[in-house]
Amino acid sequence: QVQLVESGGGLVQAGGSLRLSCAASGRTFTNYAMAWFRQAPGKEREFVARIIWNSGSAYYADAMKDRFTISRDATKNTMYLQMNVLKPEDTAVYYCAAGALSFYANFQRGYSSWGQGTQVTVSS
C-alpha cells in the first residue's frame, strides 16, 4: 500500500497559477505510474494527467495539456502538477493516485492508491 498526501491547493484568481504536490510513502512497485484526477461538485472524477515514474514520460487529457504540467522528483518521492492560466472551470478537488502500469491508465480503475484530495478554487 502506498500512502499519498496532496497539498498546494487553495483559492486563486482566474489567470493565476498553483502548484500541487503529492508526497508518496510506504510500499511502491517497481513499475508504476502516478496520476492526477479532479472532481468538481456534481460531476464525475476525471483524468487530468499521469506520469510513468521511472521514465518521467507524461501524458495529459487533451483539455489540460496546454496549461498543466506534470512532473516528479524521484529523490523526494513527490509528484507535482503545475497549473497555469487557471480558469473557473478548473475548480475541483484534485486527487493524487498511484498504481501499477495498467491498460486503464486514464481511468480511476487503473489506480490502487489515492490521496485525500486538495481543493482548488478559481474565482472569476
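Each residue takes its place number in the sequence, starting with 1.
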- Less than 6.0 Å separating the ring centroids of F37 and F47?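 That pair passes the under 6.0 Å test.
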Enter the distance from [X]:[atom1] to [Y]:[atom2] here, rounded to the nearest 0.5 Å.
{"X": "R50", "Y": "Y111", "atom1": "CZ", "atom2": "OH", "value": "5.5 Å"}
{"X": "N84", "Y": "D66", "atom1": "CG", "atom2": "CG", "value": "11.5 Å"}
{"X": "R38", "Y": "T91", "atom1": "CZ", "atom2": "OG1", "value": "9.0 Å"}
{"X": "I70", "Y": "L20", "atom1": "CD1", "atom2": "CG", "value": "10.5 Å"}
{"X": "S25", "Y": "L4", "atom1": "OG", "atom2": "CG", "value": "7.5 Å"}

- Task: Might you confirm whether atom CD of Q116 has over 12 heavy atoms from other residues, nucleotides or ligands at distances under 6.0 Å?
- Result: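 Enclosed: over 12 neighbouring heavy atoms sit under 6.0 Å from CD of Q116.
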- Message: Using a 6.0 Å cut-off, check whether atom CD of Q13 has over 12 heavy atoms from anything other than its own residue.
- Response: no
- Note on the structure: In short, V85 meets S17 closest at the heavy-atom pair N-OG, 4.2 Å
- Same apolar cluster (I L V M F W Y, side chains within < 4.5 Å links), M79/M83: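 Yes, same cluster.
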- Message: Using the rule that Ile, Leu, Val, Met, Phe, Trp and Tyr join whenever any side-chain heavy atoms are under 4.5 Å apart, tell me whether Y94 and Y59 fall into a single cluster.
- Response: no
- Let me see the working for W114 and Q108 under side-chain contact (heavy atoms from CB on, under 4.5 Å), right down to the final yes or no. CA-CA 10 Å; W114 292 83; Q108 294 183 68; 4.0 Å; yes
- Under the 3.5 angstrom rule, does the side chain of R72 hit a backbone N or O of W53 as a donor-acceptor pair?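 Yes, R72 side chain to W53 backbone: donor-acceptor pair under 3.5 Å.
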- Message: Strictly distance-based, threshold 3.5 Å: is any side-chain N or O of S102 a donor or acceptor partner for the main-chain N or O of G110?
- Response: no
